[in-house]
Amino acid sequence: MEKKVKERREGLPPLPNAESGNVVLRFAPNPNGPLSLGHARGVVINAELARMYDGEVILRFDDTDSVVKRPDPEAYALIEEDFTWLAGRAPDRILRASDRMEVYLDYAAKTLSENHAYVCQCSSDAFKEFRISKTECPCRNRAVEDNIHMWGQMNDGTIQPGGAVVRIKTDMTLPNPALRDWPALRIQHADHPLVGDRYKVWPLLDFQSAVEDHLQGVTHIVRGKDLMDSTRKQTLLYEKFGWTYPETMYWGRVKVHEFGGFSTSQMKKDIQAGQYTGWDDPRLPTLRALRRRGYDAGAMRKFWIDLGLTQKDISVPMSTLNSLNAKAVDAEAPRLSFVSNPRTIELDITEIQMDKVTLPIHPEHPDKGVREWPLEDSPLKVKIAFEDFTSREARRLKDFADIAINHKKEVSRGWVGQIINIERHGNTPIIHWLPSNMAQPAVLLLEEEGELVVAEGLLEINDYPDGTVVQLERMGFAILEGIDENGARLLVRLHG
RNA sequence: GCUCGUGUGGUGUAGCGGCCCAUCAUGGUGGACUCUCAAUCCAUCGACCCGGAUUCGAAUUCCGGCACGAGCACCA
């Protein structure tokens with residue numbers, strides 16, 4: 001008897017019926033804003049599966065609605081950029097549904113002429129009654145020629161928006177009410193931001209996506225389980241054409257504790273209302289905001305891959321992502337000292353024979369070199385945080401000396417301290433500090449429970465370029481981001 | 001209401017008839033090390049929704065509950 005050895009599977013589950021080199025996947029967002037954390041799962045999973053099977057991923061813009069979820073012309077480029085950043089590579093093909101209207105309309109005409117669909121003039125309320133009572137709508141038995149004729153009227157504007165819709169003939173007695181004669185195309189006269197008012201009839205997602213998936217040779221669809229009924233509707237259409245529906249897998253609903261759900265249109269409104277500074281406001285769950293805060297694309301990929309491909313509705317804390325990200329970012333993050341709520345202490349250094357303090361750039365990577373803080377005139381003006389200042393016990397200025405603070409003796413704008421000893425012995429509590437000649441004013445932006453908190457302080461002078469992720473000792477990771485209007489160095493806090 | 005789906009430690013996840021007194025990650029706790037309240041290391045805590053059935057044996061199959069989620073849009 002042979003004993004099978006079970007091994008823990010790494011990464012994503014295998015795709016059913018997948019042949020390496022012969023897999024086509026797609027990610028199909030609505031371009032009404034840049035990508036958010038909610039979309040990230042779709043990007044990561046599809047790109048990762050394509051990588052595993054040496055296949056392709058299509059980025060398809062499903063922009064066939066210009067009324068309810070109107071496309072934002074700027075979103076196309078933003079999404080493409082977000083996709084490329086997150087996936088670590090560009091999509092293999094990019095498609096815009098609005099560019100492909102002729103194709104969809106041709107297929108619609110074909111569907112009608114083969115009597116697989118009909119033009120329905122019932123209002124949505126009226127049709128709802130038919131659907132609930134499992135009765136066929138009178139429009140259903142219209143002759144093919146009449147359907148074609150009305151199709152022409154839909155397209156030439158004779159029939160007004162709301163006046164008619166094309167429905168796929170399924171079966172009104174189907175157990176699942178969602179599938180009964182589902183709508184495939186509707187009239188929409190609104191100006192499309194990209195193609196204008198050239199088309200009067202636009203396909204709905206179920207039809208557009210079904211046709212396009214077939215045309216593009218999509219072999220596998222991985223999407224949210226809210227689209228399960230969509231799969232069933234589309235399968236019904238595929239059967240009429242004799243096409244084979246792609247293999248389909250689903251994931252459940254995701255929430256991130258800190259953000260709740262992700263509504264692009266809500267964010268857009270809030271930005272317009274001035275509640276946020278833009279799509280990359282650090283409080284927002286957009287990919288660009290996360291990237292601005294210093295999140296690493298690789299850590300984010302790992303995060304979504306680890307969550308797997310289950311149909312369970314999940315709610316994950318950011319701390320999981322943060323932990324992954326800290327691992328990704330730690331080795332490269334130079335250490336810097338940041339002092340919030342600074343207080344000045346004057347130290348007499350005439351007695352000590354030191355002209356500088358030397359600290360490692362990264363304690364675990366000595367090869368990265370050191371930073372040097374020159375010690376100039378005595379008394380030396382030293383900055384420490386107010387929280388560290390209040391104690392009366394001896395403190396260790398990290399990598400320098402033990403000091404005692406005389407709280408009674410106030411000088412100009414600070415207090416006086418004495419150096420007790422240079423060598424470290426015992427475990428005097430360590431505090432962070434900066435000599436004033438190494439300190440530059442800085443502003444640290446923190447996001448705390450949805451609030452933007454601004455912490456002012458002093459940052460160790462450095463010449464790292466903007467965008468560098470640094471570790472502020474004892475505080476956590478942050479990213480350098482330019483100079484503000486008052487000349488202070490700007491930092492955006494990442495996480496601990 | 002109808003239809004579909006899901007229920008494994010605090011949070012995710014693996015396992016899908018015996019390897020499971022259940023994996024891994026994250027988290028909690030304790031300790032070691034360290035001139036960071038970080039990192040690293042070591043130890044430890046903690047779960048198969050409930051009830052039946054099938055079986056020598058069930059987290060894994062079946063039936064029935066219960067809970068949660070989604071769809072039933074001229075949105076995607």
Side-chain angles (χ1 to χ4, degrees), chain A residues 3-10 13 28-32 61-71 97 120 122-124 127-128 131-132 134 161-167 174-180 182-188 201-206 208-209 223-233 250 252-255 257 264-265 302-303 305-317 319-324 326-327 330-331 333 335 337 359-360 362-364 396-402 423-425 427-432 471-477 496:
Chain A
K3 203 166 192 178
K4 262 194 301 183
V5 181
K6 264 184 211 163
E7 271 179 32
R8 191 182 132 72
R9 206 196 63 231
E10 277 296 320
N30 173 286
N32 61 345
F61 295 106
D62 282 350
D63 57 348
T64 55
D65 172 65
S66 27
V67 177
V68 183
K69 290 184 180 169
R70 190 173 172 79
C120 176
C122 302
S123 68
S124 59
F127 194 83
K128 193 177 283 176
R131 183 168 44 229
I132 292 168
K134 300 187 179 181
V165 65
V166 174
R167 292 187 182 279
L174 250 21
N176 186 344
L179 312 183
R180 298 172 193 159
W182 53 271
L185 299 102
R186 83 312 208 175
I187 302 170
Q188 208 173 252
V201 181
W202 287 80
L204 271 336
L205 168 92
D206 293 318
Q208 176 266 128
S209 175
R223 58 183 171 193
K225 70 172 181 183
D226 52 314
L227 261 17
M228 275 181 159
D229 283 346
S230 185
T231 299
R232 298 181 185 107
K233 289 183 205 172
Y250 307 93
R253 216 181 55 162
V254 198
K255 277 186 187 167
H257 294 344
T264 306
S265 36
K302 183 159 169 42
F303 174 72
I305 291 169
D306 284 356
L307 290 188
L309 198 41
T310 62
Q311 291 186 28
K312 229 159 119 177
D313 299 316
I314 57 173
S315 182
V316 287
S319 57
T320 306
L321 208 207
N322 290 346
S323 156
L324 251 27
K327 283 186 181 68
D330 179 71
R335 310 287 128 133
S337 193
L359 310 93
H362 193 300
E364 280 150 59
R396 176 83 185 165
L397 299 184
K398 185 169 179 291
D399 292 302
F400 178 39
D402 289 355
E423 288 310 310
R424 182 168 202 223
H425 35 73
N427 44 1
T428 320
I430 290 167
I431 61 173
H432 280 77
Q471 191 198 79
L472 305 178
E473 291 176 317
R474 292 171 77 217
M475 298 193 69
F477 297 94

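Within every chain, numbering begins at 1; the chains are lettered A, B, ... in the order of the sequence lines, protein sequences first and strands thereafter. The basis for the numbers below is simple: all heavy atoms, side chains too, and nothing from hydrogens, waters or symmetry mates.
- Comparing B/A76, B/U6, B/G12 against the side chain of A/D65 picks out B/A76 as the nearest.
- Residue A/K312 places at least one side-chain N or O under 4.0 Å from the OP1 or OP2 atom of B/U8.
- Ion pairing of A/R335 with A/D330 is present here, as a side-chain N (NZ or NE/NH1/NH2) and a carboxylate O approach within less than 4.0 Å.
- Between A/D399 atom CG and B/U34 atom P there is a gap of 14 Å when expressed in whole angstrom units.
- Partner assigned to B/A53 is B/U61, using Watson-Crick or G-U wobble distances below 3.5 angstrom.
- The base of B/U36 is paired with the side chain of A/Q471 by a donor and an acceptor separated by under 3.5 Å.
- Look at B/A38: it lacks any Watson-Crick or wobble partner with both distances under 3.5 angstrom.
- Positionally, the nearest nucleotide of RNA chain B for A/D229 lies more toward the 5' end than for the other of A/D229 and A/D63.
- Closest contact between the side chain of A/L227 and the listed nucleotides B/U36, B/A76, B/C72 involves B/A76.
- When distances are taken from the side chain of A/N176 to each of B/C74, B/G71, B/G5, the shortest belongs to B/G71.
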**side-chain hydrogen bond (donor to acceptor under 3.5 Å, both in side chains) between A/T231 and A/R223, worked out** = CA-CA 10 Å; A/T231 299; A/R223 58 183 171 193; 2.7 Å; yes

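- Ion pairing between a basic and an acidic side chain is recognised when a charged N comes within 4.0 Å of a carboxylate O; A/R186 and A/D65 show such pairing.
- Checking B/G71, B/C74, B/A38 against the side-chain heavy atoms of A/R335 singles out B/A38 as nearest.
- For the pair A/V316 and A/L204, both in contact range of RNA chain B, the more 5′-proximal nearest nucleotide belongs to A/V316.
- A/K302 NZ: 12 or fewer foreign heavy atoms inside a 6.0 Å radius.
- Looking at the side chain of A/D313, the nearest of the listed nucleotides B/G69, B/U3, B/G27 is B/G69.
- A donor-acceptor contact under 3.5 Å links the side chain of A/K69 to the base of B/C75.
- You'll find that the side chain of A/A178 is closest to B/C72, out of B/U6, B/C72, B/U36.
- Closest approach of A/L307 to A/I314, counting heavy atoms only: CD1-CD1, 3.8 Å.
- No donor-acceptor contact under 3.5 Å links the side chain of A/R232 to the base of B/U3.
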